[in-house]
There are 2 protein chains.
Amino acid sequence: MAEVRERARRESVQDELNEVIRLLDKGELEEELVHKQVGPKQDLVDALTHKQALTRLQNKLDELHPADVAYILEGLPLDRRLQVWDLVKAERDGEILLEVSDAVRESLIGSMDRQELLAAAEQLDTDEIAALAPDLPQEVVQDILDSLDVQNRGRLQSALAYPDDSVGALMDYEMVTVREDIDLEVVLRYLRRLDALPDHTDKLFVVTRDDDLRGVLPLRKLLVSDAEAMVEAVMAKEVVTFHVEQSADEAAQAFERYDLVTAPVVDGQGKLVGRLTVDAVMDFIRAQANEEALKLAGLQEEEDLFASVWKSAKNRWPWIVLNLGTAFVASRVIGVFEGTIEKLVALAALMPIVAGIGGNSGNQTSSLITRGLALGLINPAHTDRLIKKEVAIGLLNGLVWGSVLGIIAYLLYGNVFLGIVMTAAMLLNLLVAALVGIFIPITLHRMGRDPAMGSSVLLTATTDSMGFLIFLGLAALFLV
Amino acid sequence: MAEVRERARRESVQDELNEVIRLLDKGELEEELVHKQVGPKQDLVDALTHKQALTRLQNKLDELHPADVAYILEGLPLDRRLQVWDLVKAERDGEILLEVSDAVRESLIGSMDRQELLAAAEQLDTDEIAALAPDLPQEVVQDILDSLDVQNRGRLQSALAYPDDSVGALMDYEMVTVREDIDLEVVLRYLRRLDALPDHTDKLFVVTRDDDLRGVLPLRKLLVSDAEAMVEAVMAKEVVTFHVEQSADEAAQAFERYDLVTAPVVDGQGKLVGRLTVDAVMDFIRAQANEEALKLAGLQEEEDLFASVWKSAKNRWPWIVLNLGTAFVASRVIGVFEGTIEKLVALAALMPIVAGIGGNSGNQTSSLITRGLALGLINPAHTDRLIKKEVAIGLLNGLVWGSVLGIIAYLLYGNVFLGIVMTAAMLLNLLVAALVGIFIPITLHRMGRDPAMGSSVLLTATTDSMGFLIFLGLAALFLV
């Protein structure tokens, strides 16, 4: 990766985005003028000003950090985004493509031809090419593979073979290695012969001639230790090490827990094959959190803010269809009790409250359980305590808020029995909510599914249908 | 902070938790035996075994990384948690308290007396004490202040004065500084005189005699540069620098964007006062994401999985009361149309579908907008495009799924007009959902509120009430 250019952030990135939009507005005005073929002097002056605006825009883009250019591209509608993309220097395309979101990357890559894509890939390391590869046309990936030397081709091929969520897919190959039987003076001399140390290097990896990992030599130690000491004496031997096939999620948790900056990655034989860095891990965590937030809201995948209507609609349909299904079931539950509602129409007005509060309360429980499961804090030995606690809260809430609603229902409709049915239904539905709030995430987890995804729909479907069933059922039995 | 002990993760932390629970089970059995005062030889042998179990547990805890002990404490019910906490060596209390969640920290601190708390604080740096202070009794904080030397007391006082979400509250004071007018050989000799470099040190800060920040000297450069070069010639002068009063959120975004490991923090006069490290930033990001996820699900604050029923219930009430309020409003909207429902009871069964799908669809829109706002991608210049896009999707979805439901309603009830009203109501409510899905988060954002929090409740309240109003209103006008 290109060295991170550290720069004073005189203006915030948002200001940069506003500036780009301003320059684009000027530039667009210019195009209009050229189109109209208007001649007079004043217009010519305007056109020149606008031409300058685009040049200024190009200069600004050249100055910006790739991550900032990526940010600006995300914030622009498709036509303006491609206009800006054309102004970006070709040799920076690769690093910017790495920074944008999947959805925006797709739109940018779609606008590039084979030659441009090849040129962009040429600027990147193998691990970075591997990150882009899923979005590149198959033949471009083949071209890239053909253009690499043997070592890099091998690396790229194995990087492509690792599953998306494995350590292998996140690691890079920029490790600096030393032997254990030399002294620190030699290490320092060796380092001084290098042009630069890779980004984020906070430790050197100590390996044998066969790449067996022996330990790590933190720069923090190298710099304060006696130059005559041997690497073996100074290096840390107990090292947090990751396996190339380990889940990236586990690695991310370990990075947070042990505050790591880099860590070695080994293969099945304990040989060093790469390294994980904190920035790759942070990107992974952020991407995961994003994905989860959007999935919770019912979006299939990350959606470009400015995607086409048709594409966006398709992204949202599976969720709508799922909810239509569960709403239909709840509707049929009500349908069974149409006779009861006809006799006491107040039921129709009160039933959504019972169903809705059940859903809210159940979601509180299932969110806590889901979080506990994600952190691995929910131990089978303690499940019974959790159940008792949540059931007790359900009882308490059911009594308190059920009574409040029962009294309101009585006051509104002057029917004591309606009030009692309301209270009883709230109580029962909150108990149902507590139980399904625990069991749905735990069951999904045991089935190897992500409980964060399905829990909410399944839970709301249950509390809706059960809410209507309990409330209308009790009413049918005792009221009408 | 104590040096991060890097160790081979032979067993995962989850296994450690299981092992602790097993040892606790054995230990508890022992207590029972002692209690029963049973004498025979076999029981004595058992008691010895169980005594050994607790000793083994203590040894295990001593070996574990503080973050792992914290993890285990999170996963235990209160009684067992305090039992384990008693087994932890007093000098490790401080670093473990830093690692646990707020809710668990409260339970641990509650079990400690003043002397124990003071002893725990003694092991910590000022920035770490500042992080604990909000959870400590006032008199303990005063005792700690009294025990510090002048420099550290000043630091702690100013750290306590920074708002929770400012850079000042996140920074530490472990920076290594050098002057610009010396050569690298002198720097290397100076470093060698230190016992150790602070955790995460990836750069030295170059300052004047008055602590004016002049630049940074990355270790990566120090190690590869000629020893005779001057610091001034090698150092980076354009540095991502944070201001002590800047928002932590902005700093976190910059850390991610520019892949930083550490960065200098300056005061209003440009003087170096501290540094930010990637681990503090990651903790901040994680804590924020957690809080957001729990608030979205309607929990006031982070909740200890094993908190008391009473405490948990109170944590959940504000959300339930809020939803009761909105559900009540929706219920009164239905109440207005009781006469209409009495005449055509099918309306009662169909109305929750119209309201529910409106809520789902609106939440998709508002999640996208909320995310765009959080990233600063929603520019006033493009709001009209977003509105057009979302309204178009609402129209499309309304036509497609409204028609599907209209046909189903017709098939179920044999009433063509009911089907038409259903389709029209869906279409209108999805338009309402699209508009409120855009305007609610944007308005909250303009008011300086976090759109992630209130959007969902406000949106669902609107789509519910409007869904009932539109559907029942159309039915009252055209059907009965």
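Numbered from 1 within each chain, the chains take letters A, B, ... in sequence-line order. Owing to the predicted nature of the structure, the values given are computational and were not obtained by experimental measurement.
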Next on the checklist: Please classify the contact between B:L396 and chain A as side chain, backbone, both or neither, with a heavy-atom cut-off of under 4.5 Å.
Outcome noted: side chain
Item to check | Heavy-atom proximity to chain A below 4.5 Å, by part of B:S225 | outcome: backbone
Item to check | Residue part contacting chain A, namely of B:A381, when any heavy atom lies under 4.5 Å | outcome: side chain
Checklist entry - Side chain, backbone, both or neither: which part of A:F468 has a heavy atom under 4.5 Å from chain B? => result side chain
Checklist outcome for this item: When the 4.5 angstrom heavy-atom criterion is applied to B:D195 and chain A, the contacting part is backbone
Checklist entry - Heavy-atom distance under 4.5 Å to chain A: side chain of B:V404, backbone, both or neither? => result neither
Next on the checklist: Between A:I393 and chain B, with a heavy-atom cut-off of 4.5 Å, which part of the residue counts as in contact: side chain, backbone, both or neither?
Outcome noted: both
Checklist entry - Out of A:P77, A:A392, A:A67, which one racks up the most heavy-atom pairs below 4.5 Å with chain B? => result A:P77
Next on the checklist: So that I can tick it off, tell me whether B:E390 and A:R316 are bridged by a salt bridge, with the cut-off set at under 4.0 angstrom between side-chain N and carboxylate O.
Outcome noted: yes
Checklist outcome for this item: So, the part of B:R332 with a heavy atom under 4.5 Å from chain A: the answer is side chain
Checklist entry - Is it true that A:D202 and A:R220 make a salt bridge, defined as a side-chain N closer than 4.0 Å to a carboxylate O? => result no
Checklist entry - Is the shortest distance from a Lys or Arg side-chain nitrogen in A:R192 or B:D226 to a carboxylate oxygen in the other one below 4.0 Å? => result no
Item to check | Side-chain ion pair, A:R257 and B:D279, N-O less than 4.0 Å | outcome: no
Item to check | Interchain contact, B:F328 with chain A, by part (heavy-atom threshold 4.5 Å) | outcome: both
Checklist entry - What is the ring orientation for B:F255 with B:F242, classed by angle as parallel under 30°, tilted 30 to 60°, or perpendicular over 60°? => result parallel
Checklist entry - In terms of ring plane angle, is the pair A:F306 and B:H382 parallel, tilted or perpendicular, where the classes change at 30° and 60°? => result perpendicular
Checklist entry - When heavy-atom pairs shorter than 4.5 Å are enumerated against chain B, which of A:A263, A:G339, A:G75, A:S366 gives the highest number? => result A:G75
Next on the checklist: Between B:L194, B:L305, B:I341, who has the most heavy-atom pairs with chain A when the cutoff is under 4.5 Å?
Outcome noted: B:L305
Next on the checklist: If I measure from the heavy atoms of chain A, does B:V278 come under 4.5 Å with its side chain, its backbone, both, or neither?
Outcome noted: side chain
Checklist entry - Contact part of A:L344 toward chain B, heavy-atom cut-off under 4.5 Å: side chain, backbone, both or neither? => result neither
Next on the checklist: I'd like to know which of A:I369, A:N363, A:I357 tops the heavy-atom pair count under 4.5 Å against chain B.
Outcome noted: A:I357
Item to check | Over all atoms of both residues, closest heavy-atom pair of A:S312 and A:A307 | outcome: OG-CB, 3.7 Å
Checklist entry - Based on non-hydrogen pairs under 4.5 Å, which of A:A348, A:A327, A:S331, A:S308 is most in contact with chain B? => result A:S331
Checklist entry - Quick check: does any side chain N or O of B:T326 sit under 3.5 Å from a backbone N or O of B:N323, one acting as donor and the other as acceptor? => result yes
Checklist entry - Which answer fits A:I285, side chain, backbone, both or neither, if we ask what part of it has an atom under 4.5 Å from a heavy atom of chain B? => result side chain
Checklist entry - Can you say whether B:P198 sits under 4.5 Å from chain A via the side chain, the backbone, both, or neither, judging by heavy atoms? => result backbone
Next on the checklist: If I measure from the heavy atoms of chain A, does B:I408 come under 4.5 Å with its side chain, its backbone, both, or neither?
Outcome noted: side chain
Checklist entry - How about B:E338 and A:Y413: does a side-chain donor come under 3.5 Å of a side-chain acceptor? => result yes
Item to check | Under 4.5 Å from a heavy atom of chain A, the part of B:V281 involved | outcome: side chain
Item to check | Check ion pair B:D304-A:K389 (N to O, under 4.0 angstrom) | outcome: no
Next on the checklist: Quick check on A:T365 against chain B: is it the side chain, the backbone, both or neither that has a heavy atom closer than 4.5 Å?
Outcome noted: both
